[in-house]
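What follows is a short report on a single structure.
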Amino acid sequence: MAKIPVFVLSGFLGSGKTTLLLRLLEECSRRHLKPAVLMNELGSTDTDGAIISNDRKEQVVEKLLDGCICCNKKGEVVASIEKLLLQKPDVIFIELTGVANPEEVADSLTEPQFIDRLSLQQVITLLDAENVLDYNSIFEADRNLVETVKRQTEVADLLVINKIDLVDSTRITKINKILRKQNNKAEICFTNYSEIDLDPVLKSIQQKRPRQEIRVTFNKKSQEGKQEKHEHKKSYSRIQTISLPIPQPIREKEIEKFLKKYKSSILRAKGYIPLAGKNQTYLMQHVVKRTSWEPTTYTGQHYLVVIGIDLNKEELTTQWKKVMQCQAPLVN
Ligand SMILES: Nc1nc2c(ncn2[C@@H]2O[C@H](COP(=O)(O)OP(=O)(O)OP(=O)(O)O)[C@@H](O)[C@H]2O)c(=O)[nH]1
């Protein structure tokens, strides 16, 4: 029986993983392939899952929320993949959290029950061209995280330098040079909105010719000088998540003011937000210092999820309540 190819989408928070996943799903649909998706979110809210499901309601998706797939959620990965396999997909995409080490997930794919059924096709790591060079100084306080982000690059088969619309050519050259030192085997491509050429990525699925298996290539890299299975090291230690409820419409500038106030600790924020005066829910995406808004047809609970280093959750909650108290009451 042919093994089902698995693609792992890795990369730091906000680098463009979900954007790429949406493109891959679109392309699968065009090629009449049946994909299945395992998504992982650090927070208890499921923004990315809602984006995926909003686009295609029939999508086979398993979600692991409120923790990292390579740390406290690792034990649940096997059960989630088993559920996906019941749907007999042609391909599986696993989107990691931005702070996950792909090696840990690769390990799960080599569990005895998967050996004859799954084949890791590629680890694709996305990098945010605008912020990648600043990561070391941003995460100085979290050595585990520095190591994790480095491993995301080192173990990738394909490195996608995304968001080049936000940087100049000098920066691109610099990033290329640094990445080549960290990983001299991976293909590197530069793009916007994760628009890579999907033909070489998906071609092998149609041909049913998986590339070398993970146990041969990947584990070799991760287990040099170690026991048969490498010991799990926590992939981050100071990253926290908080989900803030939004019971009534709020002004765009109030959210942006709030994010700016805590900019030294907030790395990523996203949420479904009812904007005052617009009579519609917007998907808000914030990466380091950029915020974007997109109208949606989302009908679930409204919230803002904030991810950062050493977040003072108590203060954020108190300040958020104050912000909400100043908003106009809900008018239908
Ligand atoms: N300017 C610009 N924005 C981009 C590009 N690619 C993605 N974005 C935006 O960056 C934000 C984050 O993109 P996502 O695809 O959600 O990133 P992610 O890696 O899945 O984020 P997390 O799941 O939170 O780690 C979204 O608002 C995207 O629209 C790009 O090439 N240029």
Side-chain angles (χ1 to χ4, degrees), residues 7-26 37-55 61 63-70 73 93-102 105 123-132 135 138-139 145 148-149 152-153 156 159-168 171-172 175 189-196 235-236 239-243 255-256 259 266-273 282-296 303-309:
F7 290 85
V8 173
L9 309 186
S10 144
F12 194 62
L13 297 161
S15 54
K17 298 178 291 298
T18 307
T19 309
L20 176 59
L21 178 60
L22 285 169
R23 292 202 61 237
L24 285 163
L25 296 177
E26 193 63 48
V37 177
L38 174 58
M39 302 197 76
N40 181 210
E41 288 263 26
L42 277 182
S44 54
T45 45
D46 177 28
T47 320
D48 291 350
I51 295 172
I52 298 294
S53 309
N54 191 42
D55 255 42
V61 185
K63 299 165 187 175
L64 287 174
L65 305 178
D66 209 10
C68 187
I69 212 168
C70 82
K73 292 283 160 185
F93 299 113
I94 302 181
E95 181 183 341
L96 303 181
T97 72
V99 294
N101 180 347
V105 178
V123 173
I124 304 177
T125 294
L126 289 107
L127 296 107
D128 171 345
E130 189 180 34
N131 295 302
V132 67
Y135 285 166
I138 298 176
F139 318 144
L145 187 55
T148 297
V149 172
Q152 290 177 349
T153 304
L159 287 165
V160 180
I161 319 305
N162 197 30
K163 304 196 177 184
I164 59 166
D165 54 320
L166 304 176
V167 296
D168 59 23
R171 199 167 173 97
I172 293 175
I175 293 172
C189 59
F190 295 83
T191 190
N192 294 316
Y193 292 94
S194 308
E195 292 218 352
I196 58 170
S235 68
Y236 61 96
I239 296 282
Q240 280 136 1
T241 307
I242 181 168
S243 184
I255 300 253
E256 292 184 359
L259 295 172
I266 293 177
L267 295 167
R268 179 84 164 104
K270 47 191 170 181
Y272 285 98
I273 297 168
Y282 278 67
L283 170 64
M284 192 278 309
Q285 301 255 23
H286 174 87
V287 182
V288 185
K289 51 186 181 288
R290 266 177 212 281
T291 311
S292 63
W293 298 87
E294 193 189 315
T296 71
Y303 62 86
L304 169 68
V305 60
V306 173
I307 306 171
I309 286 198

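First listed ligand is number 1; within each ligand, the first listed atom is number 1.
Side-chain contact between Leu259 and Met284 is present, with at least one heavy-atom pair separated by less than 4.5 Å. Between Val287 and Leu13 the shortest side-chain heavy-atom distance does not fall below 4.5 Å. Tyr272 is not listed as a side-chain neighbour of Tyr282, based on a closest heavy-atom distance of 4.5 Å or more.
Taking a 4.0 Å cut-off on heavy atoms, Gly11 fails to register as neighbouring ligand 1. Heavy-atom separations between Glu195 and ligand 1 are all 4.0 Å or longer.
Nearest protein heavy-atom contact of atom 14 (P) of ligand 1 is Thr19 OG1, 3.6 Å.
Residue Thr18 has at least one nitrogen or oxygen atom sitting less than 3.5 Å from a nitrogen or oxygen atom of ligand 1, judged on distance alone. For ligand 1, one of its N or O atoms has an N or O atom of Gly14 under 3.5 Å away. Of the polar atoms of Gly16, at least one N or O is found under 3.5 Å from an N or O of ligand 1, judged by distance alone.
Among Arg23, Lys17, Lys163, the residue whose heavy atom lies closest to atom 18 (P) of ligand 1 is Lys17.
Arg290 and Gln285 are not linked by any side-chain donor-acceptor pair at a separation below 3.5 angstrom, with hydrogens and angles left out of the test.
Which parts of ligand 1 touch Lys270 is read off a 4.0 Å heavy-atom cut-off, strictly below it: atoms 22 (P), 23 (O), 24 (O).
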